[in-house]
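Take a look at the structure below.
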Amino acid sequence: MDESPRQRHACPTGEMMRHGTDGSQSPFKKNKNSFEGTASTMEITNQKTSVRVMLHAGLLPLPWFILWLSAAGLAQPGYSALAQHGSELLASGEISSVFMRVAAMGSGIGFILFGFAVGKLSRQKLSLAAMTWIIFGLSMVSNGIWPMGTPMHGLYAAGVINLIAPAISHMELESWLDQPWHRQITALSSLAGVVYLWLNLTGNDPESLRGFTQRAFFSLFALWTFFISLSILRKSRVLV
């Protein structure tokens with residue numbers, strides 16, 4: 001059957017919208033693809049920015065805790081930084097108590113955010129490494145809320161999970177942590193946690209140096225998040 005004149009001379013507008021006049025891709029489709037590509041790029045950029053922010057939070061716990069703990073000790077007359085734990089300042093009821101709460105809660109938040117960064121960088125769908133840092137961070141935050149001597153101070157000793165946090169994180173982030181010093185600092189941090197736990201369980205932590213050993217072993221542990229965060233930020237140009 002012959003086509004009618006109307007069919008033979010139908011307006012090619014619809015076809016032109018799908019293809020250009022010269023057979024090339026329609027500018028409408030090009031614009032759509034461009035928009036989708038831009039949206040995808042923006043999403044990736046936002047994700048990288050959030051990871052960068054959370055990695056910077058990993059630099060926070062050590063200097064933050066030491067700074068506010070030192071301020072709390074200086075503000076409390078008669079306090080011995082060598083012989084007394086920082087948590088003992090929570091019961092003072094003075095400005096030193098406020099400083100100590102800021103020290104614990106601020107560093108805890110830093111650990112939690114670092115945990116989320118580990119989860120983003122890990123290839124695991126369910127990152128156990130991220131969970132260890134988040135749990136430890138929450139235990140630190142609880143140290144700033146509940147006084148020493150109560151079960152909620154430290155979330156029923158949940159902070160002991162710090163013994164495995166660096167090692168599990170190293171396994172999940174092996175593509176990022178491929179230098180010999182990464183392994184060395186992971187081993188040092190984990191070993192320091194075991195030694196400090198042993199000192200406390202056996203009663204071998206010298207009473208005259210309890211404050212010093214607490215600060216020393218916490219610093220060795222927190223150095224892991226500091227140097228690892230710094231290393232990953234420097235290693236990836238996208239994240240810097």
Side-chain angles (χ1 to χ4, degrees), residues 52-118 132-163 165-166 185 188-189 192-193 195-197 199-201 203 205-230 233:
R52 184 177 67 245
V53 171
M54 290 185 289
L55 281 172
H56 276 94
L59 305 174
L60 176 68
L62 178 58
W64 180 276
F65 187 81
I66 295 300
L67 173 65
W68 285 100
L69 176 57
S70 300
L74 292 173
Q76 183 64 28
Y79 176 79
S80 172
L82 287 177
Q84 292 179 270
H85 284 171
S87 296
E88 296 179 38
L89 293 166
L90 293 172
S92 67
E94 306 290 340
I95 188 65
S96 58
S97 174
V98 177
F99 288 166
M100 190 61 224
R101 294 180 191 278
V102 172
M105 296 176 71
S107 58
I109 292 172
F111 284 122
I112 292 171
L113 292 175
F114 176 76
F116 283 112
V118 171
T132 62
W133 291 107
I134 293 171
I135 291 172
F136 180 76
L138 290 172
S139 74
M140 286 293 296
V141 171
S142 74
N143 288 339
I145 299 176
W146 288 278
M148 189 176 180
T150 62
M152 288 301 292
H153 182 82
L155 289 183
Y156 291 84
V160 73
I161 203 169
N162 74 320
L163 296 177
I185 193 173
L188 176 62
S189 180
V195 171
Y196 185 63
L197 179 63
L199 289 174
N200 280 271
L201 291 177
D205 191 11
E207 287 198 17
S208 60
L209 295 174
R210 287 189 310 150
F212 171 76
T213 55
Q214 181 195 44
R215 289 160 177 77
F217 284 105
F218 175 82
S219 297
L220 287 174
F221 172 72
L223 275 174
W224 193 91
T225 62
F226 183 91
F227 282 122
I228 295 304
S229 295
L230 194 61
L233 284 167

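Under a 3.5 Å cut-off, the side chain of Trp64 and the backbone N or O of Met105 do not form any donor-acceptor pair. A donor-acceptor contact shorter than 3.5 Å links the side chain of Ser142 to the backbone of Met152.
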From CA spacing to verdict: side-chain contact (heavy atoms from CB on, under 4.5 Å), Leu55, Arg52: CA-CA 5 Å; Leu55 281 172; Arg52 184 177 67 245; 5.8 Å; no
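Within 6.0 Å of the CZ atom in Phe116, the count of heavy atoms belonging to other residues, nucleotides or ligands does not exceed 12.
Once rounded to the nearest 0.5 Å, the distance linking OH of Tyr156 with OG1 of Thr150 reads 8.5 Å. Considering CD1 of Ile228 and CZ of Phe114, their distance stands at 7.0 Å, rounded to 0.5 Å. Atoms CE and CD1, from Met140 and Ile135 in turn, are 15.0 Å apart once rounded to the nearest 0.5 Å. Residue Leu89 holds its CG atom at 10.5 Å from CE of Met148, rounded to the nearest 0.5 Å. With values rounded to the nearest 0.5 angstrom, Trp133 atom CH2 is found 10.5 Å from Ile161 atom CD1. Atom OG1 of Thr213 is separated from atom CG of Asn200 by 7.0 Å, given to the nearest 0.5 angstrom.
Closest heavy-atom contact between Leu220 and Ala192: CD1-CB, 3.7 Å. Here the closest non-hydrogen pair linking Phe65 and Ala103 is CD1-O, 3.7 Å. Residues Ile185 and Leu223 share a closest heavy-atom pair of CD1-O, 3.9 Å. When all heavy atoms of Gly144 and Ala104 are compared, the closest pair comes out as N-CB, 3.7 Å. Looking at every heavy atom in both residues, Met54 comes nearest to Leu113 through CB-O, 3.3 Å. In terms of heavy atoms, Phe111 sits closest to Gly137 at CB-CA, 3.8 Å.
Residues Pro61 and Phe226 form no side-chain contact, since every pair of their non-hydrogen atoms from C-beta on lies 4.5 Å or further apart.
For the side-chain contact (heavy atoms from CB on, under 4.5 Å) with Asn162, the lone residue among Tyr196, Phe136, Phe217 that qualifies is Phe136.
Residue pairs meeting the salt bridge (Lys or Arg N to Asp or Glu O under 4.0 Å) criterion with at least one partner in residues 58-73, sequence neighbours excluded, are absent. Note on residues 215-230: pairs passing side-chain hydrogen bond (donor to acceptor under 3.5 Å, both in side chains), not counting sequence neighbours, are Tyr79-Arg215, Thr186-Trp224.
A search for salt bridge (charged side-chain N to carboxylate O under 4.0 Å, His left out) contacts involving Arg101 returns nothing, not counting sequence neighbours. For Ser87, the side-chain hydrogen bond (donor to acceptor under 3.5 Å, both in side chains) partners are His153, not counting sequence neighbours. Partners of Leu67 by side-chain contact (heavy atoms from CB on, under 4.5 Å), not counting sequence neighbours: none found.
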Which atom pairs, one a donor and one an acceptor, fall under 3.5 Å between side chains of residues 70-77 and the rest of the protein, sequence neighbours left out?
from, atom 1, to, atom 2, distance (Å)
Ser70, OG, Ile66, O, 2.7
Gln76, OE1, Ser96, OG, 2.9

